[in-house]
Number of protein chains: 2
Amino acid sequence: MEKEVTIYDIAKILQLSPATVSRALNDHPAINSKTKLSIVTKAAELGYRSNTFASNLRRKSTSTLGVIVPRLDSSFMSAVLAGMEAVANQAGYNLLISQSLESQGKEKTNVKTMYNSRVDGLLVSVAYDTEGFEHFENFVKKNIPVLFFDRIFDHPACASIVIDNVQAGFEITSHLIEQGCRRIMHVTGNLKRNVYSGRYQGYQNALAKYGIPLDESLIMVTDLSQEAGEAAIEKLAEMDNKPDGIFIANDICAVSCVQALKKRGFKIPVDIAVAGFNNDPVSKVIEPNLTTIFYPGREMGEVAVRTMINHLKGVQKIDTTNTVILKSELIVRESTVK
Amino acid sequence: MEKEVTIYDIAKILQLSPATVSRALNDHPAINSKTKLSIVTKAAELGYRSNTFASNLRRKSTSTLGVIVPRLDSSFMSAVLAGMEAVANQAGYNLLISQSLESQGKEKTNVKTMYNSRVDGLLVSVAYDTEGFEHFENFVKKNIPVLFFDRIFDHPACASIVIDNVQAGFEITSHLIEQGCRRIMHVTGNLKRNVYSGRYQGYQNALAKYGIPLDESLIMVTDLSQEAGEAAIEKLAEMDNKPDGIFIANDICAVSCVQALKKRGFKIPVDIAVAGFNNDPVSKVIEPNLTTIFYPGREMGEVAVRTMINHLKGVQKIDTTNTVILKSELIVRESTVK
DNA sequence: TTTTGCATTGCAACCGATTGCATAAATTTT
DNA sequence: AAAATTTATGCAATCGGTTGCAATGCAAAA
């Protein structure tokens, strides 16, 4: 194990003070360029690496952003993370990533860990069953910026990055109606989550626009898992007055609905039109291809981190632009075109 | 912005020395349990949080593991990361995650960042075109453990977590042969990567076992993207002596092959049997369902981190068990059953 | 009663980089 | 040539915990 090289070593060798070495390495303007060069050269030669802890300790800032997501293993989230990582890395920030596994308890623990790790900012997409905001209070109190994305929590001190779920829900439902659907089932998730309540609202708006009464028996609140999709179709099959369209708030679940429907002999889209949400890769593979909403995951990650970093660098305060709404888009495929 | 509470504040309030407070908070045995209790209580009351930098600076250890993956946005990798995160989090470790985007250059930068961040250990799955080991030398020199998973780099100082790619390639090719295939195309990736060379080797072994001569014109080295799949099928369609089976080293590419084949009127599996690799979610959605190899992503992540942590804690040195081979499994589905 | 030993706690020197302020040297201005 | 700037560098305190060693006090042993 080699000993670590410090600025003191470099200073001693070059007959300079540690202060000068520190400044040179940080490209401080007050240092003579020749001196600077010799220091940088020597540092490289010795394999010097800055001690982040000493630096952070002094500076009181880590260059690290905390990220808490419900699950890492989803196509959408990995796109988001990829976008986040790209921007963060480019700006010299690191990402500390953890998952809540959709549980409020784990989310709280994660938030605490992030707090103790002194992340400079926190990016969160809340868990399925998160209720309160208390676990974030520490951050707000200490003035550490918190930004929510996708599954947000409305709070005056925090920014949010979302898509217009109401609009998207409206568009997709309208599309189904325009294709002739009159009894449209809606499979969704916990309505406390903005994403699901928004889509549901959009669904309702579309029905209203076309003068179709809302039939609550067609609304199914589930966890949007594959199993939930199968269960939903099982229920559908037992209905007397069967739906002629179904809008599922997530592609994974939608795909399992399609499979279950096909297994039971339903013809898609003739017997029933099916629409999903997210534009997950599977939506282009299932037959028939799934009508869905394009969800800019990667871009969402990029914007989230960029917003956060701008805030941290003082370029633009988070509270000025409280919400960023990204564009989503209806993608019509075979599963709904009658 | 509240001021941070330090052990000095606690010490002053309780009329004790910072040393005692520090020890109490770390549950040091020499501290009287009553004193300890009063300190811990007061700390909680004041909302004290330990300053990791100060601690790390002194201790010369972070509780952070670096992870470098080719891409974050793949189903396999997100499963791996989910597994890693679960184990790391439980053991009190943080994960610093970055992606190389399949480029050696970015990988080198990432490694450097990890080095400067002083991660306690590094977990890597190498990029598509990585050639040398030099960028990891710093870690080896400083005795910081490096562990490769999936896409490994053989090096005496580093451990590896893999599946038996040769065996898997052998099984899936044998299966194709047993289904009657005699001209089996193989679409693979950069053969410098163990995963692809291993699968190719398995393919060759299977041919050899059944006395089928290797026809190199049936081997296509690609980047395994969706486009590569389409290109492969285009080429296949132009062949005079068309293959009756195809083994693609990755499900994403295999799915696009299936789609391209169907578009050209090939019947699967009758005209041509198709097998993939990874058991990606899409493999269960495509029609016909894809025969593939189950790849234990989540488990791989868990094992990787567990191995790393055991090493760090001195439970079991990494160099004793140099390679861990996880079980993979052939999953036969409709795409190959004639 | 004196000595020895153990249980607790404190002292003070780290860990390595940063930065306000002072100083010295070089350059320009008067 | 003296004074006023400008440029470049150093001093020393600071960030907050950790830890080897010393010191204290009290109980048990001699």
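As a basis for the values below, the full set of heavy atoms in this structure was taken, side chains included, without hydrogen atoms, waters or symmetry mates. Order of the sequence lines sets the chain letters (A, B, ...), proteins ahead of strands, with each chain counted from 1.
Contacts of A:S22 with the nucleic acid, taken as non-hydrogen atoms under 4.0 Å apart, include base atoms. Among the protein residues, B:L25 comes within range of no part of the nucleic acid, since none of its heavy atoms lies under 4.0 Å from any strand. Within 4.0 Å of B:T6, counting heavy atoms only, lie sugar-phosphate atoms of the nucleic acid but no base atom. If you check every strand for non-hydrogen atoms under 4.0 Å, A:T35 touches sugar and phosphate atoms only. Residue-level contact check: B:N26 touches the backbone only, with heavy atoms under 4.0 Å from sugar-phosphate atoms and none from bases.
Spacing between atom CG of B:N51 and atom C1' of C:dC15 amounts to 13 Å, rounded to whole angstrom units. We find that CG of A:L57 is positioned 9 Å from C1' of C:dC15, with the value rounded to whole Å. B:R23 places its CZ atom 14 Å from the P atom of D:dA22, with the value rounded to the nearest Å. Straight-line distance from the CG atom of A:L16 to the P atom of C:dT18: 16 Å, rounded to whole Å. Between A:K60 atom NZ and D:dG17 atom P the separation is 10 Å, expressed in whole Å. Atoms CZ (B:F53) and C1' (D:dT18) sit 17 Å apart, rounded to a whole Å. For the pair A:I7 CD1 and D:dT9 P, the interatomic distance rounds to 15 Å; values are reported in whole Å. Atom CZ of A:R58 is separated from atom C1' of C:dG16 by 11 Å (rounded to the nearest Å).
With values rounded to the nearest 0.5 angstrom, A:L72 atom CG is found 6.0 Å from B:L81 atom CG. Summarising the geometry, atom CD belonging to A:Q99 is positioned 11.0 Å from atom OG belonging to A:S103; distances are rounded to the nearest 0.5 Å. Interatomic distance, A:Y295 OH to A:M300 CE, rounded to the nearest 0.5 Å: 4.0 Å.
For B:S33 and B:R118, each mapped to the nucleotide of DNA chain C holding its nearest heavy atom, the one lying further toward the 5' end belongs to B:S33. Both B:Y8 and A:Y8 sit near DNA chain C, but only B:Y8 has its closest nucleotide nearer the 5' end. Taking for each of A:P18 and B:R49 the nucleotide of DNA chain D with the nearest heavy atom, the 5'-most of the two is the partner of A:P18.
For the pair B:T20 and C:dG10, the criterion of a side-chain N or O lying under 4.0 Å from OP1 or OP2 is met.
Closest approach to the A:S55 side chain among D:dT9, C:dT18, D:dG10 is made by C:dT18 (side chain taken as heavy atoms from C-beta onward). For B:A19, whose side chain is taken as the heavy atoms from C-beta onward, the closest listed nucleotide among C:dC11, D:dT18, C:dT19 is C:dC11.
Ring orientation note: the planes of A:F133 and A:F153 are tilted relative to one another, at an angle of 30° to 60°.
No close placement of the B:F139 and B:F136 rings is indicated, their centers lying 6.0 Å or farther apart.
Contact of the B:M84 side chain with the B:V67 side chain is registered, since non-hydrogen atoms from C-beta on lie closer than 4.5 Å.
For the helix from C:dT1-D:dA30 to C:dT30-D:dA1, the end axes, each set by the C1' atoms of five terminal pairs, are bent relative to each other by 50° (nearest 10°).
Between B:E107 and B:R151 no salt bridge is recorded (no basic side-chain N to carboxylate O distance below 4.0 Å).
When the shell of 6.0 Å around CD of A:Q90 is examined, it contains 12 or fewer heavy atoms from other residues, nucleotides or ligands.
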